[in-house]
Novice: 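I'd like to ask some things about the structure below.
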Amino acid sequence: MDVDALVRFVLDEARLLNAGDFDAWLALFHAQCRYWVPLAGDRQEDSPLHASLADEDRYLLATRIRRLKSPAAHSLDPGVRSLHVIQQPEVEAADGDDHLLRTPFLYTETAGARQLTLAGTWRHRLRPTSDGLRIVCKRVDLLQAGAAHEIIQLFP
C-alpha cells in the first residue's frame, strides 16, 4: 500500500472531524470496527478486564452521531466544536492486509465558554476494502487518560 495514501487518509479523517462532518467520518469505519479510548492510555493492554473511557463499535458510534444531531441533546447547547491538530502520521507496521499508523495529536473541544484540551496519540489499524481504506480500529491513547476529565462530547 502506498504510504502517502495511508497518511492522506488519516489527514482527511482529522479534516472531517474538524468540520463536524460526522456522517462522512463514520463512513471511514469498517463494518466491524472499534473506536477505543483506554482508561490507562498507552499503558493499558487490550483486555475486557480493564475499564475504558470509550469502547464503541460502529453501532454505538452511529448512536452518538445521531445524538449530536438531535435538538433534544440539551447538553450540547449552544453547540460543540472541536479542533484536532495532528503531527504527520507515521506508518509503524503492516499486519497482513492491515496497516498500523501512529499520530500524535492535540485536541480542543469548546461548548460555549467551556474549553477542554487533551493531548495523546491516535493508533489506527487501516484495511483496504473494495470501498477504499477503512478504519478497523482507532485507539486513542490520551496523555492523561486516568485523570478526572470533564465530559468529552465529541471524538478526540
Novice: Atom CG in Asp42, atom CG in Leu142: separation rounded to 0.5 Å?
Specialist: 10.0 Å

Novice: Under the rule for side chain to side chain donor-acceptor pair (under 3.5 Å), what residues qualify as partners of Asp55, not counting sequence neighbours?
Specialist: Arg34

Novice: Can the ring centres of Tyr107 and Phe155 be said to be less than 6.0 Å apart?
Specialist: no

Novice: Looking at Glu109 and Arg81, is there a salt bridge between them, counting it only when a charged N and a carboxylate O are closer than 4.0 Å?
Specialist: no

Novice: Could you tell me if Glu13 and His124 have a donor-acceptor pair between their side chains, going purely by distance under 3.5 Å?
Specialist: yes

Novice: Is it true that, when you exclude Glu90 itself, more than 12 heavy atoms of the residues, nucleotides or ligands shown sit nearer than 6.0 Å to its CD?
Specialist: yes

Novice: Work out which heavy atom in Ala54 is nearest to a heavy atom in Trp36; give both atom names and the distance.
Specialist: O-CD1, 3.3 Å

Novice: If you round to the nearest 0.5 Å, how far is OG of Ser52 from CD of Gln44?
Specialist: 5.0 Å

Novice: For the CG atom of Leu11 and the CD atom of Gln88, what is their distance to the nearest 0.5 Å?
Specialist: 6.0 Å

Novice: Closest approach of Pro38 and Val140, non-hydrogen atoms and distance?
Specialist: CD-O, 3.3 Å

Novice: Heavy atoms only: give me the nearest His30-Arg58 pair and the separation to one decimal.
Specialist: O-CD, 3.4 Å

Novice: Using salt bridge (Lys or Arg N to Asp or Glu O under 4.0 Å) as the criterion, list what pairs up with Asp2, not counting sequence neighbours.
Specialist: none

Novice: Answer yes or no: are there more than 12 heavy-atom neighbours, outside Gln32 itself, under 6.0 Å from its atom CD?
Specialist: no

Novice: Hydrophobic clusters join Ile, Leu, Val, Met, Phe, Trp and Tyr when side-chain heavy atoms are under 4.5 Å apart, directly or via other members; which others share one with Leu60?
Specialist: Tyr59

Novice: Please list, chain by chain and in numerical order, all residues satisfying salt bridge (Lys or Arg N to Asp or Glu O under 4.0 Å) with Glu45, sequence neighbours excluded.
Specialist: none

Novice: How far does CG of Asp21 sit from CG of Asp12, to the nearest 0.5 angstrom?
Specialist: 11.5 Å

Novice: When you measure from the side chain of His149 to the backbone of Gln144, do you find a donor-acceptor pair of N or O atoms at a distance under 3.5 Å?
Specialist: yes

Novice: Go through it in stages, so that I can follow the logic: the residues are Gln153 and Arg67, the test is side-chain hydrogen bond (donor to acceptor under 3.5 Å, both in side chains), and I'd like the CA-CA distance, side-chain angles, deciding distance and then a yes or no.
Specialist: CA-CA 10 Å; Gln153 297 283 3; Arg67 178 184 166 274; 3.3 Å; yes

Novice: Would you please test Asp97 and Arg127 for salt bridge (charged side-chain N to carboxylate O under 4.0 Å, His left out) and show each step?
Specialist: CA-CA 6 Å; Asp97 288 338; Arg127 181 175 299 158; over 6 Å; no

Novice: What closest approach, in Å, do Asp131 and Arg134 show between heavy atoms, and which atom pair accounts for it?
Specialist: O-NH2, 3.0 Å

Novice: Quick check: closest heavy atoms across Leu53 and Ala145, and the distance to 0.1 Å?
Specialist: CD1-O, 3.8 Å

Novice: Shortest non-hydrogen contact from Asn18 to His84?
Specialist: OD1-N, 2.6 Å

Novice: Output the distance between atom CG (Leu26) and atom CZ (Arg66), rounded to the nearest 0.5 Å.
Specialist: 9.5 Å

Novice: Checking Gln115 now: which residues fulfil side chain to side chain contact (heavy atoms under 4.5 Å, CB included) with it, not counting sequence neighbours?
Specialist: Thr108, Thr110, Thr117

Novice: Between Asp95 and Arg125, is there a salt bridge with N-O shorter than 4.0 Å?
Specialist: yes

Novice: Would Lys138 count as a cation-pi partner of Trp122, with NZ or CZ less than 6.0 Å from the six-membered ring centre and within 45° of the ring normal?
Specialist: yes

Novice: Are any of the side-chain heavy atoms of Phe29 and Val136 separated by less than 4.5 Å?
Specialist: no

Novice: List for me each residue that meets salt bridge (Lys or Arg N to Asp or Glu O under 4.0 Å) alongside Arg139, sequence neighbours excluded, and say none if there are none.
Specialist: Asp141

Novice: Just how far is it from atom CG of Leu126 to atom CG of Asp98, taken to the nearest 0.5 Å?
Specialist: 8.0 Å

